[in-house]
Amino acid sequence: MSPEVRLSAWVHGHVQGVGFRWWVRSRALELGLTGYAANTRDGRVHVVARGGKAPCERLLAMLNSGETPGRVDLVVDSWQEPGEPISGFSER
């Protein structure tokens, strides 16, 4: 089993009010990840996912796939140590 990581991704585009956070939550749970997807005041969605490196990379690829609800113009990602455990995957 690979060590856990924490992915933070800021998703730019038309991603609020289109079911984007729900879609991210569904994909993350399918991949066995924990974390959250939260709207930001400036119209982005901040995705935090914790789990194995490969599932986190797969989620990042999905965010960039063009198959999301709404329209993704840019995804800015950052990788960290896993930090404190996160329970489940929520929409904020």
Side-chain angles (χ1 to χ4, degrees):
M1 184 170 163
S2 67
E4 289 197 339
V5 296
R6 182 181 181 113
L7 165 66
S8 289
W10 290 266
V11 185
H12 301 250
H14 180 63
V15 290
Q16 291 190 10
V18 294
F20 186 84
R21 291 176 301 144
W22 177 88
W23 181 88
V24 171
R25 180 181 179 273
S26 294
R27 302 296 83 76
L29 290 173
E30 289 171 4
L31 293 167
L33 300 171
T34 61
Y36 60 87
N39 286 341
T40 64
R41 292 179 191 248
D42 62 3
R44 298 176 296 165
V45 170
H46 182 207
V47 176
V48 174
R50 185 180 190 275
K53 176 95 173 179
C56 285
E57 288 174 334
R58 180 71 185 121
L59 180 62
L60 182 59
M62 290 176 176
L63 295 175
N64 281 295
S65 72
E67 298 179 13
T68 65
R71 184 192 75 251
V72 173
D73 295 332
L74 175 69
V75 179
V76 178
D77 62 281
S78 172
W79 296 87
Q80 297 95 30
E81 295 295 319
E84 293 296 317
I86 302 171
S87 178
F89 200 98
S90 63
E91 298 171 49
R92 297 184 180 171

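Predicted, not measured: the structure shown is a model, and the values here were computed from it.
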Arg21 side, atom CZ; Arg92 side, atom CZ - distance, nearest 0.5 Å
11.0 Å
Hey, what do you get for CH2 (Trp22) to CZ (Arg27), rounding to the nearest 0.5 Å?
6.0 Å
Using a 4.5 Å cut-off on heavy atoms from C-beta on, say whether the side chain of Met62 contacts that of Glu67.
no
Could you state whether Leu60 and Trp23 fall into the same hydrophobic cluster, counting links through intermediate Ile, Leu, Val, Met, Phe, Trp or Tyr residues with side-chain heavy atoms under 4.5 angstrom apart?
yes
Ile86 vs Arg6 side-chain heavy atoms within contact, under 4.5 Å:
yes
When hydrophobic residues are tied together by side-chain contacts of less than 4.5 Å, even through go-betweens, does Phe89 share a cluster with Val5?
yes
Atom of Gly19, atom of Pro69 and distance for their closest heavy-atom approach
O-CG, 3.8 Å
Do Arg50 and Val48 have side chains that approach each other closer than 4.5 Å (heavy atoms only, starting at C-beta)?
no
Tell me whether Trp79 shares a hydrophobic cluster with Leu59, the cluster being built from Ile, Leu, Val, Met, Phe, Trp, Tyr side chains joined at under 4.5 Å.
yes
For Val45 and Ala37, work out which heavy atoms get closest and say how close.
CG1-CB, 4.2 Å
Do Leu63 and Val72 have side-chain heavy atoms sitting under 4.5 Å apart?
no
Donor-acceptor under 3.5 Å (Gln16 side chain, Thr40 main chain):
yes
On a heavy-atom basis, which atom in Ala49 and which in Cys56 lie closest, and how many Å separate them?
O-SG, 3.9 Å
List the atom of Ala9, the atom of Val75, and the distance in Å for their closest heavy-atom pair.
CB-CG1, 4.0 Å
Fit a plane to each ring of Trp10 and His46, take the angle between them on a 0 to 90° scale, and name the class: parallel (under 30°), tilted (30 to 60°) or perpendicular (over 60°).
parallel
Would you give the length of the straight line joining atom CD of Glu4 to atom NZ of Lys53, rounded to the nearest 0.5 angstrom?
13.5 Å
Side chains of Leu33 and Leu7: does their closest heavy-atom pair fall under 4.5 Å?
no
Applying the 4.5 Å side-chain criterion to the ILVMFWY set and letting contacts propagate, would Val24 and Leu29 be lumped into a single cluster?
yes
With Glu57, which residues qualify under side chain to side chain donor-acceptor pair (under 3.5 Å), at least two apart?
none
